[in-house]
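Step one of this worksheet: look at the structure below.
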Amino acid sequence: MKIGITCYPVYGGSGVVATELGIALAARGHEIHFISYALPFRLGKLAPNIFFHEVDVTSYPLFEYPPYSLTLTSKMASIAKHEKLDVLHVHYAIPHATSAVIARQILEQQGIRIPVVTTLHGTDITIVGRDPSFAPVVTYSINQSDGVTAVSEYLRKETLSNFEIDRNISVIPNFIDTNRFKRQESSSLKQKLCPNCEKVLVHVSNFRPVKNAKQVVEIMHRLKQDNYSLKLLLVGDGPDRVPAEHLARELGIYDDILFMGKQEAVQDILSIADVFVMPSGSETFGLAALEAMACGVPVVASNIGGLPELVDHGENGFLCPLGNVDAFAERIRQIVSSDTLQQKMGDAARQKAKDYFDNEHVIPLYEKLYEKTLVATQNQPNSQLV
Ligand code: GMT
C-alpha cells in the first residue's frame with residue numbers, strides 16, 4: 001500500500017510511534033510518505049520506499065499566526081493525489097486529523113477517494129483536546145475519520161466519555177522492536193557512568209510538567225538518605241530539566257545524578273539500568289516504560305492512565321499512588337536490594353514486551369485497519385462523493 005503519515009516530528013511519544021510505524025511498514029514492503037514540517041527525528045536514513053514531504057510554514061505580514069493547518073491540508077491533498085496514496089494516517093487529533101478530513105473533502109471534489117485513519121495518543125484527548133476551544137473540532141475530526149485508534153483501553157474510554165463520539169475506536173497499543181530494544185550490557189559504559197558499581201535508576205522523558213521529573217529527584221533524595229549506592233540517569237530535555245537540576249543542588253544530591261539530555265541510543269542506557277522510574281501525572285500508554293521493559297528493566301510507575309495495562313504490579317514492576325514519593329522510594333528499595341527479585345521482574349518485563357507489544361504482533365493490526373477502511377471507502381456509492 002501507499003501510506004501517507006503525518007505526525008509531530010519533534011521529541012514526543014506520538015512522533016516516535018508514527019515514525020517507527022512508518023519504518024516498520026516500509027520494511028514490510030509498503031511505500032511510506034511522511035508529511036510534516038520537519039524530518040521526524042527518529043527517521044535516520046531514508047529507505048528507498050520512505051519519502052519525506054516538508055510542509056512550509058508560510059509567513060506573510062498579514063499572518064500574525066501562520067496557518068500551518070491549512071498548508072498541511074493542501075500538502076496532504078496534493079501528495080495523496082500525485083503519489084496516488086491509498087490511505088492517510090494521522091497521529092494526534094489536533095490539527096492533523098482535521099487537516100486530513102478537509103484534504104479528503106478536497107480530493108472528493110476531484111473524484112478521488114482516500115480514507116483517513118486517526119490515531120489518538122494522549123494529550124490530544126486528555127489535556128489539550130478537552131479544552132473547550134478545541135473540543136468541537138476534536139469531536140468532529142474523530143467522527144469524520146474513516147478509522148480511529150487509541151493507544152490503550154484507558155484512552156479509548158476517556159475519548160468516549162469526554163467527547164460525543166458516534167464511531168468505533170479500536171485499541172492498537174504502542175509497539176517495540178524487541179530485536180533492537182534488548183539488554184546488551186556494556187561494561188565500559190557502566191564503568192564510565194557508575195565507577196563505584198552503583199545500582200542505576202533511569203528516567204527518560206521530555207521533561208514536560210506532566211512527567212513529574214522533579215519527583216524523580218525527590219525519590220532519589222529519599223533513597224540516598226538510607227545510604228544506598230545509587231546513580232540516577234535522567235535522559236531527555238524540556239521545561240522541567242532546569243528546575244530538576246536546581247532541586248538536585250538544593251538537596252545536595254547533584255553529584256549522584258547525571259543529567260544526560262537528549263540521547264539517541266536510549267537502549268544502551270536502558271541496558272545498564274536496574275530500575276526505570278515513571279512518576280507521570282498522566283500517561284495514556286507509557287512508551288518510555290515499554291522501551292525499558294523490552295530491555296529487561298523493572299518499572300516503578302504511577303498507578304494512573306494506561307500504565308496498569310503495561311505494568312503488572314508485583315510481576316514486572318510496581319505501581320504507586322500518584323505523587324507518593326515515599327511509596328516510589330520503598331518499591332525501588334525493594335527491587336535494588338534483591339538481585340533475585342530484580343532478575344525475576346526484569347525477565348517478566350521483557351517477556352511482556354515480547355508477548356504483547358512486539359512489532360510483529362502490532363503492525364499487522366494497522367495493516368488490517370488500512371485495508372478495512374480502504375474497502376469501505378471504495379464501496380461507498382458515488383452519490384456520497386461531492
Ligand atoms: O509523552 C509525551 O509527552 C508525548 C505524548 C504525545 O502525545 O506525543 O505521548 C503520548 O503518546 C505516547 C505514544 O502513544 C504514549 O506512549 C504516551 O503515554 C502519551 N503521553 C501522555 O499521555 C502524557
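Small disclaimer: the values here were computed from a predicted structure and weren't measured. Numbering of ligands and ligand atoms starts at 1, following listing order. Start at 1 with the first residue, then count along the sequence.
No side-chain heavy atom of Gln267 sits under 4.5 Å from any side-chain heavy atom of Gln184.
Between Arg156 and Glu153, at least one side-chain N (NZ, or NE/NH1/NH2) sits under 4.0 Å from a carboxylate O, which counts as a salt bridge.
Between Phe175 and His361, the gap from one ring centroid to the other reaches at least 6.0 Å. A ring-centre distance under 6.0 Å is found for His33 and Phe51. Between Tyr8 and His96, the distance separating the two ring centers is shorter than 6.0 angstrom.
Between Val210 and ligand 1, a contact under 3.5 Å exists for no N or O pair. Considering backbone and side-chain atoms alike, Phe285 places an N or O below 3.5 Å from some N or O of ligand 1.
The part of Asn174 lying near ligand 1 is the side chain, judged by heavy-atom distances below 4.0 Å. With a 4.0 Å heavy-atom cut-off, ligand 1 is reached by the side chain of Val151 but not by its N, CA, C or O. Counting heavy atoms closer than 4.0 Å to ligand 1, residue Asn206 contributes side-chain atoms (C-beta onward) but none from N, CA, C or O. Residue Tyr92 touches ligand 1 through its side chain alone, judged by heavy-atom distances below 4.0 Å.
Of all atoms in ligand 1, listed by their number and element, those nearer than 4.0 Å to a heavy atom of Gly286 are 15 (C), 16 (O), 17 (C), 18 (O). Listed by number with element, the atoms of ligand 1 under 4.0 angstrom from any heavy atom of Gly13 are 4 (C), 5 (C), 8 (O), 9 (O), 12 (C), 13 (C). Every atom of ligand 1 is numbered from 1 in the order shown, and the set under 4.0 Å from a heavy atom of Lys211 is 1 (O), 2 (C), 3 (O). For ligand 1, the atoms lying closer than 4.0 Å to a non-hydrogen atom of Leu287 are 16 (O). Atoms of ligand 1 lying under 4.0 Å from at least one heavy atom of Ser14, given by number and element, are 6 (C), 7 (O), 8 (O), 11 (O), 13 (C).
Remark: Arg249 is positioned above the aromatic ring of Tyr254, its terminal NZ or CZ atom under 6.0 angstrom from the ring centre and at most 45 degrees off the axis.
Alongside Tyr140, the hydrophobic cluster contains Val101 (criterion: ILVMFWY side chains under 4.5 Å).
Distances from atom 5 (C) of ligand 1 to the heavy atoms of Glu158, His121, Arg208 put Arg208 nearest. Closest heavy-atom approach to atom 23 (C) of ligand 1 within the set Ser282, Ala289, Ser280: this belongs to Ser282.
Annotation: salt bridge (Lys or Arg N to Asp or Glu O under 4.0 Å) contacts involving residues 287-300, sequence neighbours excluded, comprise Arg42-Glu291.
Neither side chain, His313 nor Glu315, offers a donor N or O lying under 3.5 Å from an acceptor on the other.
Proximity of His91 to ligand 1 is not established, as no heavy-atom distance is less than 4.0 Å.
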